[in-house]
Amino acid sequence: MIDYGLLMSVIVTLAASSLAMRLRPPRTYNSPVSALDIMLLPGLVGLVVGRLSTLAIDDPRAIGQVSDMLVIRSGVEFWPGVAAAAIVIAWSGHRAQVSPIERVADLAPFAMVAYGTYEAACLFRDGCYGPTSPVGLTPNGLSTTMLPVGLLMGASALAAAAFVRRQSLMGWPPGAVVSSAVALIGLILSVGSIWLLKVGGELSRQHRTSIVVAVAASVLTGSILLLRSRRRVEQVHA
Amino acid sequence: MSGQPPEDRTSPSSRSPFRRWVTPIVVLALAVVVGIAALREPSTVTFEASGPPLPLPAEGQFPAVTQQEFEGILVGQLGTPVIVNVWASWCAPCRTEMPLLQRAAETYGDQVVILGVASNDSPEAARKFLDEFGLTYPNVFDVSGKVRVDLGVTAYPTTYVFGADGRLQATVTGGISEQRLAAVIEGALR
């Protein structure tokens, strides 16, 4: 059976990030490039690495069985996928003689737009539901309204993308742009996962990892910005 | 290292107005079609179990059941919500759900019954599939295919939610998300 929800999520994600790139073109490309050209390879590599990571942890015997590997709804490890996509983007920068970290920082807001749109597309995957609330969505077969946590996570990610883009334009160091993007997405995943309905009370692996990543990336962002301000002070004194 | 920035292949100014609109229109049309398919709810099935009550199969058993026996099992569970998951060993998305359903069975214990129904499959392949996942919740084999027909299964997997009163409350065609499963269980318990 075709997973229309997932397919729709991918279409919407690609369309939204393409639109974002058209409206606010990335700055590390000398000439306009198709958004698909930019996103396809990192996206695919991220997906494959994320899926293989999940299989390696949960079901190593399934590695090599194409039918099992293709069921990406069974799980894609988010952060290994993000890391792999970032490495591919950095490598593309290196090839184009652009600083790899600058290239990653340039594309980070677009990746955040893609993530935010994918989360918001939970409407099509039946995965938005949070606690009962006076306003929200009513799943088929239920009379209770539930808070659309997935939609809120999507909106938060889009707002975070705008913030990161702005900080990038305001001259934040590329390292701080990247780490703040990671910290914000980690924060959104950490907080959102608390409210998303789940079977059983335990934190999921992704939830635990996101908390660690959010804290580590926040510390890194703070350190980079602190170092930068110290250097500025030193330069003024010099 | 090429050292060259990517070529401009899609500069809006270099394309005709027709070509500029083709991609957005195609994407929009595709999104509409897929979106409708994704949001479509399954047609309502009227199914009400009847007949003499039967117990759930014991852990480790995987009995072949007729339509009457399946209904008997449901009747035997009146007073407890029942989640019926129709699956087949050849169905890749069914793999996604098995650990989730197992977790639900462990989490909700006696409050909710999770019942797997292997259908349109060979008993050997289905048994092997069950053993692979080490499932402890009850499963039966739809030997005649009549259970599938009566439930109106159109796709694998399909999940049916029966309330404590035995009435079919919801049908989820295709893979069920964790959020949806938690929502329907909580709804059935309310």
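Being a predicted model, the structure only gives us computed values, none of them experimental. Chain identifiers are assigned alphabetically (A, B, ...) following the order of the sequence lines, protein sequences preceding nucleic acid strands; residue numbering begins at 1 within each chain.
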With no hydrogens and no angle check, just 3.5 Å: does a side-chain donor-acceptor pair link [X] and [Y]?
X        : Y        : answer
B:Glu186 : B:Tyr108 : yes
B:Ser89  : B:Arg127 : no
B:Ser177 : A:Arg125 : no

Greatest number of non-hydrogen atom pairs under 4.5 angstrom with chain A, of B:Ala183, B:Gly187, B:Ala170, falls to B:Ala183

*What residue, out of B:Val184, B:Val34, B:Ile185, has the most heavy-atom pairs lying under 4.5 Å from chain A?*
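With the most close heavy-atom pairs to chain A, the winner is B:Val34.
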
Fill in: Region of B:Gln102 that comes under 4.5 Å of a non-hydrogen atom in chain A
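Neither part.
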
A:Trp195 atom CH2: more than 12 heavy-atom contacts under 6.0 Å:
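Check fails, neighbour count at 12 or below.
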
side-chain hydrogen bond (donor to acceptor under 3.5 Å, both in side chains), that's the test. Do B:Thr136 and B:Glu59 meet it? Break it down for me.
CA-CA 6 Å; B:Thr136 56; B:Glu59 190 177 325; 5.1 Å; no

Does any heavy atom of chain B fall under 4.5 Å from the side chain of [X], the backbone, both, or neither of them?
X        : value
A:Leu6   : neither
A:Asp59  : side chain
A:Thr132 : side chain

